Novice: 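A single structure is presented below for examination.
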Amino acid sequence: MTSRTDASMWNQLIPLSFEGRMSLQAQIREMLVGAILDGRVPLGVALPSTRELSSQLGVARNTVALAYELLVDEGWLVTRNRSGHFVNPEMASRRPVAPAAPLGSALPQTDWAPRIHSSVARQRNIVKPRDWQRYPYPFLYGQIDPSLLPIPGWRECSIQALTGAEARGWAGDLIDGDDTLLVEQIQTRVLPRRGIWASADEILVTVGAQHALFLLATLLVGPATTVGIEDPGYPDARNILAARTPTVVALPLDDAGLALSPGLDACEYVVLTPPHQCPTNVTMPLARRVALLEWARSRDRVLIEDDYEMELDVDGRAQPALKSLDRTGRVVYVGSLSKTLAPGIRLGYIVAHRDLVREARALRRLMLRHPAANNARSAGLFLAMGYHDSHLRRLRQAHAERGAALAAALARHLPEVGVVTSPGASSSWLRFPDDVDVRSLAAAAADRGVLIEPGDVFFAGDRPPRHYARLGFSSIATERIEPGIAALAAARRGLPARRAVDGAMRNELPEAPCAGESA
């Protein structure tokens, strides 16, 4: 007769959490599957009855019965008349078999370093702790406060996307195509807010704005191409370009954003962020936009507009995009839904001449065919059903409130710090006194539960200035801003002064206003 396993082992195999987001039934199923695959549930040994296991785990008998029933339906368990539930031998055969000896233990290992033509892992990047949510004061850009996630609306759209009629539209391989509903909503709902009118064949959906920039750099930039980028500017864009060409020109800023400097003339392409310059938040005025377009027209150049935060202007009327002023097709527009929906959704788009979009579509097919069509359909429904507009209104209100709270807290606790922000931005650009090493400050602040982003990563060159920082406020609740800045000021007081070295520690940007003011 088959014996049953020791009752005491089941509390170790299935440590339930009664406060988690996953249902008890789902937890039991997940842990039993893991135990089967790990070989911790022997073949030929009956699992406890539903009554026994529910008693041991302290849950309702029906919860265990439903978990067992699901595992039987999926083939993990089999039932035997009057004997109970057992592991299906066919599923147990999937268990990995450990090698008799560690693989390659006696063999020389391959040296990969000389095989890698260009190491992108050595590039300077923005670094954010993966466990940032455990810090009480996360002033991080691009992350989101879970309380602001549009969960109810997204859930409804996701459920609708799973209906039979909708699933037929996205479950198949789209080859190099895009979800038609999402493209239609970008075309009719999103772009017109920026004054942009485009046909469907001028729009390509991407896995975020960064993917869009990578596609464009791959298509347009070669080893002999000269490309300009704002300095300070978006590090990922700079690194993408640097992986394609050794000639990336760092272009200076002034109080109107990207300056009309002599260095522009050498650039075949220029990547810029007119609405909210990254990272300074300066909004480029209309006269400068017109002047840049005229420069591009007269010299046969192309501008790549990264409109990464365009939907968040506080009055609901976003500034016209540079693309909306373009009459000669010299602006390639890159947009994103990640900053409004959620960073993890990874949806962006390119708007450009159909010839360029056709090439980008063919290249995207070689990379990943198309973005996940189920997410694209959910996003299309989210836009079509008006949830996106409602969510934008909540975000604008929250960001306006948090931006004001941050400005007040900085003026109170760090009055010597210059601050630049802009209506609708979700971060502030800080200039500390020249003797402050913000890298050291960030480390000291993290010990007090405060996360900030050192600003040196945004600058090109080997000796970037070290006294700048970006503070985002999309990921921190309003009531935490004041104590967070107070803790940052305490960390600042504990730092030794640092001597500025020559001009390397100083920035060429115009002086930032005092704390509490806006540019």
Side-chain angles (χ1 to χ4, degrees), residues 119-143 229-239 242 250 252-253 277-281 406 409-410 413-421 426-476 480-481 483-509 511-512 515:
S119 176
V120 294
R122 295 195 184 100
Q123 292 179 322
R124 290 188 299 132
N125 286 293
I126 300 171
V127 177
K128 300 177 184 180
R130 294 184 183 275
D131 61 346
W132 66 267
Q133 294 190 54
R134 76 175 182 85
Y135 288 80
Y137 311 114
F139 292 97
L140 297 181
Y141 179 79
Q143 304 305 311
I229 190 164
E230 300 161 322
D231 186 36
Y234 181 35
D236 288 3
R238 184 176 66 238
N239 289 339
L253 309 178
Q277 197 280 327
C278 174
T280 67
N281 293 311
L406 178 62
L410 288 168
H413 297 287
L414 291 167
E416 75 279 15
V417 175
V419 182
V420 180
T421 189
S426 59
S427 67
S428 291
W429 179 242
L430 273 56
R431 176 172 179 158
F432 286 83
D434 291 355
D435 63 350
V436 176
D437 185 338
V438 171
R439 285 279 167 187
S440 300
L441 175 59
D447 291 338
R448 298 173 180 265
V450 182
L451 294 179
I452 64 172
E453 295 181 57
D456 59 298
V457 71
F458 296 96
F459 291 88
D462 297 330
R463 301 177 70 192
R466 307 263 302 199
H467 55 287
Y468 286 88
R470 180 172 67 173
L471 267 64
F473 45 82
S474 61
S475 57
I476 183 170
R480 289 184 175 271
I481 290 176
I485 296 301
L488 177 63
R492 158 84 172 91
R493 290 192 294 271
L495 284 181
R498 176 183 62 84
R499 183 175 62 86
V501 180
D502 300 327
M505 297 301 178
R506 300 180 182 273
N507 184 20
E508 300 302 324
L509 292 174
E511 287 292 323

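Because only heavy atoms are used, hydrogens play no part in the values below, and waters and symmetry mates are left out as well, while side chains stay in. These figures come from a predicted structure and were not determined experimentally.
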Novice: Between OG of S426 and CG of L140, what distance do you get to the nearest 0.5 Å?
Specialist: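 S426 OG to L140 CG: 11.5 Å, rounded to 0.5 Å.
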Novice: Please name the pair of heavy atoms, one in W132 and one in P138, separated by the smallest distance, quoted to 0.1 Å.
Specialist: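 It is CE3-CB, 3.7 Å.
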Novice: Could you report the tightest heavy-atom contact between R480 and P136, atom names first, then the distance?
Specialist: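 Nearest pair, atom of R480 first, then P136: CD-O, 3.2 Å.
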Novice: Indicate yes or no: at least one non-hydrogen side-chain atom of Q123 is less than 4.5 angstrom from one of R238.
Specialist: no
Novice: Any side-chain to backbone donor/acceptor pair from T421 onto S428? Under 3.5 Å, distance only.
Specialist: no
Novice: Give, for atom CG of D435 and atom NE2 of H467, the distance between the pair rounded to the nearest 0.5 Å.
Specialist: 9.5 Å
Novice: With sequence neighbours excluded, tell me which residues meet ring-ring contact (aromatic ring centres under 6.0 Å, His included) with F473.
Specialist: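 Partners of F473 under the ring-ring contact (aromatic ring centres under 6.0 Å, His included) test: none.
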Novice: Is the backbone of L495 close enough, under 3.5 Å, to the side chain of S440 for a donor and an acceptor to pair up by distance?
Specialist: no
Novice: State, to 0.1 Å, how close V438 and A469 come at their nearest heavy-atom pair, and which atoms those are.
Specialist: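 In this case the closest contact between V438 and A469 is CG1-CB, 3.8 Å.
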Novice: When you compare the side chain of I476 with that of Y137, does any pair of heavy atoms fall below 4.5 Å?
Specialist: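 Yes - at least one pair of side-chain heavy atoms lies under 4.5 Å apart.
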Novice: For R134, check salt bridge (Lys or Arg N to Asp or Glu O under 4.0 Å) against everything at least two apart and list the hits.
Specialist: D131
Novice: Got a list of side-chain donor-acceptor pairs under 3.5 Å for residues 485-494, not counting sequence neighbours?
Specialist:
none

Novice: What residue pairs, at least two apart or across chains, pass side-chain hydrogen bond (donor to acceptor under 3.5 Å, both in side chains) with a residue in residues 450-460?
Specialist: R439-D456, E453-R470
Novice: Below 4.5 Å, heavy atoms only, C-beta onward: do P232 and L253 meet side chain to side chain?
Specialist: yes
Novice: Can you give me the closest heavy-atom contact between E416 and P433, atom names plus distance?
Specialist: CG-CG, 3.7 Å
Novice: Start with the C-alpha distance between S427 and N281, add both sets of side-chain angles, then the distance that settles side chain to side chain contact (heavy atoms under 4.5 Å, CB included), and finish with yes or no.
Specialist: CA-CA 8 Å; S427 67; N281 293 311; 3.5 Å; yes
Novice: What pairs with Y234 under side-chain hydrogen bond (donor to acceptor under 3.5 Å, both in side chains), at least two apart in sequence or on another chain?
Specialist: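 By the side-chain hydrogen bond (donor to acceptor under 3.5 Å, both in side chains) rule, Y234 matches Q210, D236.
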Novice: Between the main-chain N or O of Q143 and the side-chain N or O of S474, is there a donor-acceptor pair closer than 3.5 Å?
Specialist: yes
Novice: Is there a side-chain contact between L430 and V420, using heavy atoms and a 4.5 Å cut-off?
Specialist: no
Novice: So, does N239 use its side chain to make a donor-acceptor pair with the main chain of N125 at under 3.5 Å?
Specialist: no
Novice: Under the rule for side-chain hydrogen bond (donor to acceptor under 3.5 Å, both in side chains), what residues qualify as partners of Y141, not counting sequence neighbours?
Specialist: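 Partners of Y141 by the side-chain hydrogen bond (donor to acceptor under 3.5 Å, both in side chains) criterion, ordered by chain and then number, come out as E309.
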Novice: For the residue pair W429 and V419, establish whether any side-chain heavy-atom pair is separated by less than 4.5 Å.
Specialist: no
Novice: Taking only residues two or more places apart in sequence or in another chain, which ones pass side-chain contact (heavy atoms from CB on, under 4.5 Å) with A446?
Specialist: Y135, L451
